[in-house]
Visitor: 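Quick one: the structure is below, and I'll ask about it shortly.
Note that this is a predicted model, so its numbers are computed, not measured. The basis for the numbers below is simple: all heavy atoms, side chains too, and nothing from hydrogens, waters or symmetry mates.
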Amino acid sequence: MYDVSDKLAVITGGTRGIGLEIARHLLTAGAKVVVNGRTSTAEAEQLQSTFGKDRVKIALGDVSKPAEATSLVEDAANAFGRLDILIHSAGGPVPGSVLALTADSWMDAFDLHVHPVFHLFRAAHPWLAKEGGSVLLISSVAGLRGCPNSVAYQTVKGALIPLAKALAFDNASAGIRVNVVAPGIIRTRFHAQMSDAARDHNIANRILLRREGNTSDVAEGAMSMICNEFITGEVLTIDGGMSMRVTA
């Protein structure tokens, strides 16, 4: 198994939600982390307070901008003298059907969810290849199965899967593994606007395990993909069985 002790992880979207919880799991396992977000959060600052500024750095920036994605990686690697784990968790909802969605919203979805991987990976490659590194992309079951009024979100989350497979194929000889986790309904800020009726319907009719997921469920799955040295180019679905069920 891949030992993360003293290794450095850079996590986009790491100041809240799933990214933050993966950071917490990595820190508990002995890693150091750079958590990135557009703005800081009380949760990220508490994480830094708990584990110390020598192990947790909060790097503010917008990775949808190529220069900021590149500088995030370069600054982190230069500051710590290494970069071993790269996780792209930045994202957000993009509601709207193809007729309702604006052209700008469509392009913005790619700028945040897909295009950063190109710039992050290219900047990280020399560091990841030094001793063999692990890359993890956070997709969604929406990228695997259809859902209403989210054409852009489904498309960009789905695009991360062949992107990861291509990176895994091309960079295995450098010892770099690339994998994907695809969460289902995880109770974070992303689902804050979900009505109680929708929540109850999901639990009663869609999720086989009869509960919503939590960020720890995803982080534990993420750790297995990061640490298992014989997994690359794969997708781990973490949705309580929702995506395999045919239902109303």
Side-chain angles (χ1 to χ4, degrees), residues 2 4 7-23 26 31-39 44 56-92 94 107-140 143 155-172 174-183 218-219 222 225-226 232-235:
Y2 187 67
V4 301
K7 288 183 165 56
L8 178 68
V10 172
I11 308 175
T12 71
T15 57
R16 54 169 52 90
I18 289 171
L20 181 73
E21 190 60 31
I22 295 174
L26 284 165
K32 300 174 183 178
V33 302
V34 173
V35 291
N36 156 262
R38 290 175 175 170
T39 60
V56 182
K57 179 180 177 182
I58 300 172
L60 302 184
D62 183 355
V63 294
S64 71
K65 299 176 180 178
E68 294 192 32
T70 298
S71 65
L72 167 66
V73 168
E74 292 177 346
D75 291 349
N78 289 327
F80 287 88
R82 64 188 306 153
L83 197 164
D84 309 276
I85 300 162
L86 175 64
I87 301 169
H88 181 45
S89 183
V94 191
M107 296 302 294
D108 288 347
F110 281 88
D111 286 343
L112 178 58
H113 294 86
V114 179
H115 296 161
V117 179
F118 176 85
H119 303 289
L120 293 163
F121 188 88
R122 284 166 60 91
H125 185 276
W127 299 91
L128 295 170
K130 281 188 174 182
E131 297 184 24
S134 182
V135 177
L136 187 69
L137 309 182
I138 310 302
S139 179
S140 167
T155 301
V156 294
K157 286 302 190 184
L160 293 176
I161 295 171
L163 175 53
K165 290 181 180 293
L167 292 174
F169 222 113
D170 291 345
N171 297 279
I176 301 172
R177 295 178 295 106
V178 186
N179 291 293
V180 180
V181 294
V218 181
M225 301 298 267
I226 293 166
T232 194
E234 294 299 328
V235 181

Visitor: Nearest heavy-atom pair of A109 and V94: which atoms, and what distance?
Guide: CB-CG2, 3.9 Å

Visitor: Of L26, V33, I11, which meets side-chain contact (heavy atoms from CB on, under 4.5 Å) against I85?
Guide: L26

Visitor: Under 4.5 Å between any side-chain heavy atoms of E234 and M225, yes or no?
Guide: yes

Visitor: Compare every heavy atom of A76 with every heavy atom of V10, then report the nearest pair and how far apart it is.
Guide: CG2-CB, 3.7 Å

Visitor: Side-chain contact, heavy-atom cut-off 4.5 Å: I226 with I87?
Guide: yes

Visitor: Would you name the heavy atoms of P126 and K130 that are closest together and state the gap between them?
Guide: O-CG, 3.3 Å

Visitor: Using atom types as modelled, flag every donor-acceptor pair under 3.5 Å from a side chain in residues 155-171 to any protein atom, sequence neighbours excluded.
Guide:
unit_1 : atom_1 : unit_2 : atom_2 : d
T155   : OG1    : V151   : O      : 2.7
K157   : NZ     : I138   : O      : 2.8
K165   : NZ     : G233   : O      : 2.8
N171   : OD1    : H125   : NE2    : 3.2
N171   : ND2    : L167   : O      : 2.9

Visitor: Is the cationic atom of K7 (NZ for Lys, CZ for Arg) positioned less than 6.0 Å from the six-membered ring centroid of Y2 and within 45 degrees of its normal?
Guide: yes

Visitor: For S89 and T12, work out which heavy atoms get closest and say how close.
Guide: N-OG1, 2.9 Å

Visitor: Is a side-chain donor or acceptor of H113 paired with a backbone partner of G92 at a separation under 3.5 angstrom?
Guide: yes

Visitor: Hey, could you give me the CH2/CD distance between W127 and E74, rounded to the nearest 0.5 Å?
Guide: 9.5 Å

Visitor: Begin with the C-alpha distance, continue with both residues' side-chain angles, and end with the deciding distance and a verdict on side-chain hydrogen bond (donor to acceptor under 3.5 Å, both in side chains) for T70 and H119.
Guide: CA-CA 6 Å; T70 298; H119 303 289; 4.7 Å; no

Visitor: For residues A69 and L120, report the shortest heavy-atom separation together with the two atoms involved.
Guide: O-CD2, 3.5 Å

Visitor: Where the side chain of S139 meets the backbone of V181, is there a donor-acceptor pair that is under 3.5 Å apart?
Guide: no

Visitor: Do L8 and V34 come within less than 4.5 Å of each other through their side chains, counting heavy atoms only?
Guide: yes

Visitor: Search all heavy atoms of V180 against all heavy atoms of L136 and return the closest pair with its distance.
Guide: N-CD1, 4.0 Å

Visitor: Are any non-hydrogen side-chain atoms of I18 and P183 less than 4.5 angstrom apart?
Guide: yes

Visitor: State which residue, out of D62, T15, L60, fulfils the side-chain contact (heavy atoms from CB on, under 4.5 Å) condition with R38.
Guide: D62

Visitor: Look at the side chain of D111 and the backbone N and O of S64, then say whether any donor-acceptor pair between them is shorter than 3.5 Å.
Guide: no

